[in-house]
Amino acid sequence: MAIKQYSLKADGARKLAPGFKVREFRCRDGSDVVMIDESLVMLLQCIREHFGKAVTITSGYRTGTHNKSVGGAKSSQHLLGRAADIQVAGVSVEDVAAYAESLLPGWGGVGRYPVKVGRTKGWVHVDTRAKKSRWTM
Ligand SMILES: [Zn+2]
């Protein structure tokens, strides 16, 4: 598995898996470069198939500038194309996170961002780092 580089302009509509196109992973600052880890795509496709519901990526690849502007961690996996923040239609943050954890028994990152005051929609962060990491924010 490798981290691949794409161009939003040239490859945006390209399908990486049945449920995911390159443009869904784009940096929200409009950058043309999109870095995407193949194992991340597989992970998301498993989640898509397990729940049978649309998986929306609210944040995928991030450039350094964009990561700073959204207050991302300095060594965020989003900078490497290894992370995605996702929402699954009609499925709770807990259920998505628990299933993601079952796919990543001894590795990868899973972060829970449940609904709270000032946050109307929750999400789950998943990433393909080698070392296991879990958190709730
Ligand atoms: Zn994230």
Side-chain angles (χ1 to χ4, degrees):
M1 291 284 136
I3 297 173
K4 298 257 174 88
Q5 182 177 321
Y6 298 93
S7 152
L8 180 59
K9 228 174 163 183
D11 313 311
R14 187 154 147 192
K15 273 197 169 179
L16 301 167
F20 298 95
K21 288 177 182 154
V22 167
R23 62 167 171 258
E24 296 173 69
F25 294 84
R26 76 192 182 278
C27 182
R28 270 47 181 181
D29 70 357
S31 308
D32 186 60
V33 173
V34 190
M35 306 294 291
I36 308 170
D37 182 12
E38 293 174 304
S39 356
L40 177 66
V41 176
M42 285 188 57
L43 187 70
L44 296 179
Q45 184 62 33
C46 287
I47 294 171
R48 164 86 185 81
E49 285 169 19
H50 175 77
F51 292 107
K53 298 271 165 63
V55 172
T56 305
I57 301 174
T58 57
S59 183
Y61 171 61
R62 290 180 196 159
T63 60
T65 330
H66 184 64
N67 188 55
K68 246 186 204 164
S69 81
V70 298
K74 231 179 189 170
S75 57
S76 170
Q77 298 292 310
H78 287 279
L79 295 164
L80 307 170
R82 302 184 77 161
D85 295 341
I86 58 169
Q87 292 168 335
V88 182
V91 183
S92 71
V93 163
E94 183 47 42
D95 288 355
V96 174
Y99 181 65
E101 284 176 347
S102 77
L103 296 173
L104 301 163
W107 61 292
V110 178
R112 290 164 166 82
Y113 293 81
V115 172
K116 62 177 189 185
V117 178
R119 184 191 288 160
T120 50
K121 259 194 139 182
W123 71 88
V124 177
H125 164 110
V126 291
D127 71 59
T128 58
R129 75 185 75 188
K131 241 182 122 183
K132 181 175 171 176
S133 183
R134 306 286 184 258
W135 67 90
T136 302
M137 277 183 83

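Remember, it's 1-based here, ligands and their atoms both numbered in the order they're listed.
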> Partners of Q45 by side-chain contact (heavy atoms from CB on, under 4.5 Å), sequence neighbours excluded?
Replying inline: A17, P18, F20, R48, E49

>> With side chain to side chain donor-acceptor pair (under 3.5 Å) as the rule and sequence neighbours excluded, what pairs involving residues 106-124 come up?
In response: E94-R112, E101-R112, Y113-W135

> Does the separation of the ring centres of F25 and Y6 fall below 6.0 angstrom?
Replying inline: no

> So, do I3 and E38 sit near enough that their side-chain heavy atoms are less than 4.5 Å apart?
Replying inline: no

> Could D11 and K4 be called an ion pair, given the rule that one side-chain N must be under 4.0 Å from one carboxylate O?
Replying inline: no

> Do any pairs count as a ring-ring contact (aromatic ring centres under 6.0 Å, His included) and have a residue in residues 62-82, sequence neighbours left out, and if so which ones?
Replying inline: H78-H125

> What's within reach of the Zn ion (ligand 1), meaning protein N/O/S atoms under 2.8 Å?
Replying inline: H78 NE2, D85 OD1, H125 ND1

